[in-house]
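Remember, it's a predicted structure, so these values are computed and weren't measured experimentally. Whatever order the structure lists ligands and atoms in, that order sets their numbers, starting from 1.
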Amino acid sequence: MSAPTANRAYRPETRLVHAGTMRSQFNETSEAIYLTQGYVYDSAEQCEALFSGKEKGYVYSRYSNPTVAMFEQRMAALEGAEAARATASGMAAVTTAIMGLVRAGDHVVAAKALFGSCRWVIEDWLPRFGVETTLVDGTDLAQWKKAVRKNTKAAFLESPTNPTLEVIDIAAVAEIVHAVGGKLIVDNVFATPLFQSPLKLGADIVVYSATKHIDGGGRCLGGVVICDEKTIVDNFQQYLRHTGPAMSPFNAWTLLKGLETLSVRVARQTATAAAVADRLAGHAKLARVIYPGRKDHPQAVTIKKQMTGASTLCSFEIKGGKDGAFRFLNALNLIRITNNLGDARSLITHPTTTTHQRLTPEQRAELGIADGLVRFSAGLEHPDDVVEDLLTALETV
Ligand SMILES: *Cc1c(COP(=O)(O)O)cnc(C)c1O
């Protein structure tokens, strides 16, 4: 197989198409799917050399696989990082990144506005193993400063957050966490690799759910952990090899195809989300519209400092609480009700009764998740059809 193309000098759009490609002796144009569990060896000696690590190569697909490696190398090149490891889902990536850094007696700080399952890992799972956790308001730097301790090994945040699209100052949080010797993990799903580069802002590890924009067609689950090679070898490699959250080679191939079109999809989806935000802002049936591309966003200054684009998502609060939101959702014709995002189809979610159902009403209020709030994810349809569907449905509220 040919060595992967590095493509470090090229711009992100070019890396998305070419980086990491390894061609077999057949010189195929598109990446091959190596749908194999294992590998055979020329001799017992070669097998021994591969197992001892003296010779580099593939021994078992729970450890590594050529198609998965192409996906990993493309993601690492995209982030300007040394290395990446793919996982079966975004949650496997998040769990690997956090669990790999800590042991009993350590402490983890996280921003409380988190994807539901991430919050469960931090609040319910880690404490079972003697890891203490503190949740803070991610936009309040004083709370991060107060929360970190000598034994804070990891900090975790997502920005923009789900579903209120708050933006956290990554460089400032990285400095606070580094002062006590901890590592900052950033869940960059909502920003996509195109609009925010957490490693360049000072974060140590980036995680993605590739299930979202990277797949982009609602087909596969996938995740990836991206950082320097030493951090992977010291903290994640053994965990990944021996607990087994490996990505399927078929999914890796699908995600490689997704990456090829990521930049054009995200550009179109962002333009549509911005059009939706502008058309809905000030609408009589809405209590508020939240969009990171608008001047009225509460963290507009931080957005300008750390992001190169806004968002493919826009959240808004329907007046009339849950009843108003449900009437609106049920009146939509084109936009589909679901909990996913980043798809080719425009999608809409009611966080209170789905992704954030597990939280108490007080916890939701603290996060600004009102009963009338909905989260819209722009697809690839004509923007006017999407806006018309939203406006028509709002008339029924
Ligand atoms: C979807 C999502 C995850 C989890 O990813 P899965 O692929 O569903 O396991 C984690 N973080 C964020 C921000 C997400 O949107």
Hey, is ligand 1 close enough to Lys212 that some N/O pair sits below 3.5 Å?
yes

Nearest non-hydrogen protein atom, atom 7 (O) of ligand 1:
Thr211 OG1, 2.6 Å

Pull out every atom of ligand 1 sitting under 4.0 Å from any heavy atom of Ser89, numbered as shown with elements.
7 (O), 9 (O)

The reported gap from CZ in Arg288 to CD1 in Ile318 (rounded to nearest 0.5 angstrom) is 12.5 Å

Under 3.5 Å, N or O to N or O, is Gly90 touching ligand 1 that way?
yes

Which of parallel (below 30°), tilted (30 to 60°) and perpendicular (above 60°) describes His242 and Tyr63?
perpendicular

Can you pull out the closest protein heavy atom to atom 4 (C) of ligand 1? Residue, atom name and distance to 0.1 Å, please.
Phe115 CE2, 3.4 Å

What protein heavy atom sits nearest atom 8 (O) of ligand 1, and how far away is it?
Ser209 OG, 4.2 Å

Are the charged groups of Glu132 and Arg149 less than 4.0 angstrom apart, N to O?
yes

At what distance is the nearest protein heavy atom to atom 9 (O) of ligand 1, and which residue and atom is it?
Met91 N, 2.8 Å

Is any side-chain N of the basic residue among Lys257 and Asp215 closer than 4.0 Å to the acidic one's carboxylate O?
no

Give a yes or no on whether the ring-centroid distance for Phe326 and His350 is below 6.0 angstrom.
yes

Can you give me the closest heavy-atom contact between Leu332 and Ile335, atom names plus distance?
CB-O, 3.7 Å

Which of the listed options, Leu313, Asp187, Thr355, holds the heavy atom that is closest to atom 11 (N) of ligand 1?
Asp187

